[in-house]
Amino acid sequence: MVVAPPNPVRSEKPEPIELPVIDLSADRSEVSKLIVKACEQYGFFKAVHHGVSDDVIAAMEEEGLGFFTKPVCEKQRAGPAGPFGYGIKSIGFNGDSGEVEYLLLHTNPSSISQLSHTISDDPKKFSSAVSGYIEAVKRLACEILDLMAEGLGVHDPSLLSNMIRDVDSDSMFRLNRYPPSSFHTPPPPHRATTEIGFGEHTDPQMLTILRSNDVGGLQICVAGGTWVPVTPDPTAFCINVGDVLQAMTNGRFMSVRHRALTNGFKYRMSMAYFGAPPPHAWLSVPPELVTPHRPLLYRPFNWAEYKKASYSLRLGDSRLQLFLK
Ligand code: GA4
């Protein structure tokens with residue numbers, strides 16, 4: 001049986017972690033080394049000068065806000081999430097919940113255009129904002145995966161990015177809105193309370209490209225099991241390694257547990273792109289990453305198999321260990 005570790009919201013306030021901030025416009029070979037180092041040490045980094053235009057981001061934010069500020073009964077026309085569509089409080093299919101409402105979309109264009117009719121009164125405007133945003137962050141994800149492969153000395157630098165460039169890529173896009181916790185429980189005088197918005201987990205896919213408004217809430221689990229908040233920065237993208245990339249780098253990169261807490265007083269909105277392989281592609285480890293000192297860690301598997309395992313378990317369960325050799 002896979003047991004989730006305890007999940008306390010500690011009352012003491014740990015110092016925010018300053019994740020490596022990587023300027024993607026700097027010298028390519030330097031950037032690729034910094035990315036590799038960050039993914040080995042933290043599994044997370046912030047990317048600035050990322051090339052995604054402010055207009056594309058603003059258009060997506062506007063659509064997201066427009067949707068979430070509608071009355072619940074209207075939002076429910078796009079739900080329940082199974083897994084795609086509108087969800088409120090309920091996460092996945094195995095009883096997980098949190099103080100969050102969300103829209104989960106598959107990134108394939110027909111799926112976006114189909115759902116947009118239940119999401120927006122102007123479905124064309126909604127799907128054009130989503131497609132523009134997805135196209136831009138997918139380009140960024142591919143660029144980062146190429147830089148990772150270069151930094152790792154992988155012979156074919158497109159080996160990783162080809163997985164999400166594939167027309168059958170199973171990538172997803174998620175919009176989350178976390179309500180202020182003071183909505184549910186009046187905060188004690190002079191102090192804000194926090195609640196679990198999205199419980200601790202690792203992302204199953206290859207790479208996540210996350211952006212939020214200027215409200216904090218993301219925390220990552222560092223060595224020793226301490227939860228540390230990540231300072232919000234709407235000008236940067238927060239990039240994290242998912243389980244599949246940990247497996248494909250033969251354990252060199254870390255897929256790190258993270259969670260989102262609600263803020264005492266403000267709404268937090270985040271948008272996450274999850275870059276995933278096509279269902280039946282073999283998730284093979286580049287031969288350069290297997291050495292006598294670092295033998296193959298995981299048995300061969302494909303994304304369909306891994307996704308099935310993810311959805312059959314609880315949010316906080318460790319899945320990758322089931323695929324150890
Ligand atoms: C976590 C990362 C992504 O948000 C997500 C989530 C998915 C869901 O909300 O439907 C999962 C969760 C996530 C991991 C385990 C399974 C699947 C809920 C859940 C309990 C969209 C994803 O791909 O995996």
Side-chain angles (χ1 to χ4, degrees), residues 1-5 7 43-44 64 78-108 111-112 115 130 133-134 137-138 141 163-164 168-178 196-212 217-221 230 237-247 254-261 268-279 283 301-323:
M1 193 178 66
V2 186
V3 180
N7 189 12
F44 269 85
F84 301 118
Y86 173 67
I88 179 158
K89 295 195 179 187
S90 167
I91 299 167
F93 305 122
N94 298 312
D96 289 290
S97 65
E99 289 304 326
V100 64
E101 59 177 332
Y102 59 88
L103 268 177
L104 185 58
L105 308 171
H106 196 279
T107 58
N108 90 38
S111 157
I112 296 169
L115 254 179
V130 175
Y133 186 82
I134 287 174
V137 286
K138 177 179 173 182
M163 292 279 173
I164 62 174
D168 292 326
S169 152
D170 194 30
S171 300
M172 296 177 192
F173 175 59
R174 172 170 214 133
L175 281 169
N176 290 315
R177 189 171 75 151
Y178 301 97
I196 295 285
F198 204 103
E200 66 176 276
H201 65 285
T202 58
D203 293 340
Q205 294 83 356
M206 292 183 82
L207 195 68
T208 304
I209 313 268
L210 177 85
R211 190 196 169 274
S212 76
L218 175 66
Q219 296 197 327
I220 72 174
C221 188
V230 173
F237 280 99
C238 189
I239 316 289
N240 68 279
V241 172
D243 298 346
V244 164
L245 193 56
Q246 175 169 325
M254 290 196 299
S255 173
V256 168
R257 284 180 173 267
H258 50 283
R259 66 183 183 184
L261 304 186
R268 172 165 186 259
M269 191 169 93
S270 68
M271 335 205 240
Y273 167 85
F274 303 98
L283 306 174
F301 60 98
N302 64 27
W303 170 244
E305 207 185 331
Y306 198 71
K307 187 176 169 184
K308 191 170 166 214
S310 304
Y311 273 101
S312 69
L313 296 169
R314 297 291 299 265
L315 181 62
D317 288 339
S318 307
R319 313 158 210 118
L320 205 43
Q321 71 188 34
L322 303 175
F323 292 77

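Counting convention: from 1, in listed order, for ligands and their atoms alike.
- Ring geometry for F323 versus F301: interplanar angle of 30 to 60°, hence tilted.
- Taking F93 as the reference, P83, Y311 meet the side chain to side chain contact (heavy atoms under 4.5 Å, CB included) condition, with sequence neighbours excluded.
- Salt-bridge annotation for K89 and E101: absent, with no side-chain N of the basic residue lying under 4.0 Å from a carboxylate O of the acidic one.
- Residues passing the ring pair (Phe, Tyr, Trp, His ring centres under 6.0 Å) test with F198, sequence neighbours excluded: H201.
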Extract all N/O-N/O pairs under 3.5 Å that connect ligand 1 to the protein, and present each with both atom names and the distance rounded to 0.1 Å.
from	atom 1	to	atom 2	distance (Å)
ligand 1	4 (O)	R174	NH1	2.8
ligand 1	9 (O)	R174	NH1	2.9
ligand 1	10 (O)	Y311	OH	2.7
ligand 1	23 (O)	Q205	NE2	2.7

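- With sequence neighbours left out, K138 forms a salt bridge (Lys or Arg N to Asp or Glu O under 4.0 Å) with no residue at all.
- S318 and R257 are linked by a side-chain donor-acceptor pair at a separation below 3.5 angstrom, with hydrogens and angles left out of the test.
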